[in-house]
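We count ligands from 1, going down the list as the structure has it; atoms in each ligand are counted the same way.
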Amino acid sequence: MLIKNIKSLLQVRPNDTDWVAGAEMAEVPAIDNAFLHIKDGVIKAFGTMNDCPQPEAGEEEIDASDRLVMPVFVDSHTHLVFAQWREEEFVDKIKGASYAEIAAKGGGILNSAKKLQQLSEDELFARTLPRAHEVLAYGTGCIEIKSGYGLTVEDELKMLRVARRIGRETPLTVKTTFLGAHAIPAGYANRQDYIDLVVNEMIPRVAEEGLADYIDVFCEKGFFTPAETEQIVEAGKAYGMIPKIHANQLHISGGVEVGVKTGARSVDHLESIGPEQITALQGSRTMPTALPGAAFFLNSAYPPARQMLAAGLPLALATDYNPGSAPAGKMAFMMSLACIKMKMTPAEALNAATVNGAYAMDVLPTHGTIATGKAGSVIITRPIPSLAFIPYAFAGDVIDKVIIDGQLVHEAAQG
Ligand code: NIG
Ligand code: FE
């Protein structure tokens, strides 16, 4: 495939690029009036139109005049596998109930678990598949998917098998995360009994089937303490799972510190962080990840992105797509929230949604930037004036085509 006359080819970086942090996030390296040549599913060459090669025999040519081309979005935190929406809780919330109150009454995560436990693996897959196609159309090419609505050995395994199957049967690149420690299920008089089940039964079974790349814990008041988080995460590490932590969503929970201590790939949420947590992250290799869709939906504070960037930290953006706190999987809207609510610039938001997300789910060698040898997975926008237009048009549809590994997987009705 040869994409020609690209108004601007965004996010061109050296092959061995690392995450992008602090002041560097203000820059998105680009080539104007560019071409991009994809062969055998990978990026073969790119440059200015002056150096554009002739198409090879039978090769598809796409004219991208007036359009931007950029790497597919990397959504490094989702709960894409779930049984049912929870819009009734949305109405309770409008009438004044808090997220914590809904959870305490058996709503929330336990409500999702009850519904998911009743479904067969095939039925759960069938309910998840349309959401996978939905996010592909939004330009997401790589996605992390968590368990955590099963909360029994068999149901957690079922969720992770469904997540793996999404990776096999759709064009999405999928990484999976075991989140058995999402909530203590009903019926446990002693919470340590459930933690023991997670550590002694679930983790070994998940590892035996090779179902999880990461281990996650909801480290939060009313859910799991930092000490419990550390115990669970260390148990997962012993089976080769890398930590990723739900940290500091509702309170200063200790989640950031435990994430840094255990070498987490990322700490996610961060609505409640202060200077101590920012200091704790400095010098670590843990990616702070903002989930502004959850902050928007729950009407909470947003992570203090400007302070974090001023401290030299990197930042990733993800959707947290789930039925309770973020029922939407659109990365372009996360960029809008990052700009409007977190005062990030469009360039910072794009870096957070591509290269830094790729670091947070270990796909940076193949995704997150435009470089030769990386996956031929790109978004071609509609004719738009500039990168800033993407977050600016916050409810608009700026995507024309989504190409994954050199194959067209989505095309807007009117380009
Ligand atoms: O990331 N915070 C914990 N887990 C999810 C929400 C889960 C739910 O409410 O179903 C989150 O926001
Ligand atoms: Fe989450």
Side-chain angles (χ1 to χ4, degrees), residues 75-90 92-93 97-117 128 131 143-151 155-156 159 163 175-186 214-224 228-229 232 243-251 253 255-256 259 264-273 287-303 316-329 331 334 337 357 360-361:
D75 191 351
S76 63
H77 180 139
T78 82
H79 308 250
L80 194 76
V81 177
F82 58 85
Q84 239 165 279
W85 298 103
R86 304 208 311 257
E87 75 282 0
E88 67 288 348
E89 293 176 11
F90 171 59
D92 293 341
K93 247 175 267 155
S98 72
Y99 182 74
E101 283 162 1
I102 288 168
K105 274 194 266 167
I109 295 163
L110 299 188
N111 182 2
S112 279
K114 207 186 310 167
K115 289 171 177 153
L116 186 138
Q117 288 165 1
T128 305
R131 290 190 287 270
I143 192 166
E144 181 264 12
I145 305 177
K146 298 176 196 295
S147 71
Y149 293 135
L151 308 184
D155 293 304
E156 285 293 308
M159 282 190 80
K175 293 286 182 94
T176 59
T177 300
F178 171 58
L179 177 57
H182 200 188
I184 304 275
Y214 302 99
I215 173 102
D216 194 347
V217 177
F218 189 13
C219 183
E220 183 55 63
K221 255 190 214 167
F223 292 86
F224 295 89
E228 291 165 349
T229 302
I232 294 161
K244 272 169 93 66
I245 314 273
H246 275 78
N248 297 57
Q249 180 182 14
L250 310 171
H251 303 93
S253 63
V256 168
R265 186 66 78 245
S266 69
V267 286
D268 303 23
H269 271 295
L270 313 179
E271 288 88 332
S272 310
I273 74 168
M287 176 63 70
T289 300
L291 310 172
F296 175 73
F297 188 77
L298 300 179
N299 252 322
S300 71
Y302 289 79
L317 281 172
T319 64
D320 199 17
Y321 197 177
N322 78 73
S325 64
M331 285 295 282
M334 300 306 113
L337 290 174
M361 58 177 282

K.L.:
So which heavy atom in the protein is nearest atom 2 (N) of ligand 1, and how far is it from that ligand atom?
P.N.:
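For atom 2 (N) of ligand 1, the nearest protein heavy atom is Q249 OE1, 2.8 Å.
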
K.L.:
Under 3.5 Å, is there a donor-acceptor pair linking the side chains of E220 and H251?
P.N.:
yes

K.L.:
Tell me the protein heavy atom at minimum distance from atom 4 (N) of ligand 1, and give that distance in Å.
P.N.:
H182 NE2, 2.8 Å

K.L.:
From atom 6 (C) of ligand 1, work out which of Y99, F218, F82 has a heavy atom at the shortest distance.
P.N.:
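It is Y99 whose heavy atom sits nearest to atom 6 (C) of ligand 1.
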
K.L.:
Pick one: which of Y321, F90, Y302 meets ring-ring contact (aromatic ring centres under 6.0 Å, His included) with F297?
P.N.:
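Passing option: F90.
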
K.L.:
Any idea which protein heavy atom is nearest atom 12 (O) of ligand 1, and the distance to it?
P.N.:
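Of every protein heavy atom, S325 OG, 2.4 Å lies nearest to atom 12 (O) of ligand 1.
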
K.L.:
Please note down the angle at the Fe ion (ligand 2) between NE2 of H79 and NE2 of H246, to the nearest 10°.
P.N.:
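It is 100°, given to the nearest 10°.
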
K.L.:
Are T177 and E144 linked by a side-chain donor-acceptor pair shorter than 3.5 Å?
P.N.:
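Side chains of T177 and E144: pair found under 3.5 Å.
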
K.L.:
Testing the 3.5 Å rule here: is there a donor-acceptor pair between the side chains of H246 and D268?
P.N.:
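No - no donor-acceptor pair under 3.5 Å links their side chains.
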
K.L.:
Does atom NZ of K114 have more than 12 heavy-atom neighbours from other groups under 6.0 Å away?
P.N.:
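It does not: K114 NZ has 12 such atoms or fewer within range.
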
K.L.:
Would H79 count as a contact residue for ligand 1, given that I'm defining contact as a non-hydrogen atom of the residue lying under 4.0 Å from a ligand atom?
P.N.:
yes

K.L.:
Could you grab the angle centred on the Fe ion (ligand 2), going from OD1 in D320 to NE2 in H77, to 10°?
P.N.:
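About 80° at the Fe ion (ligand 2).
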
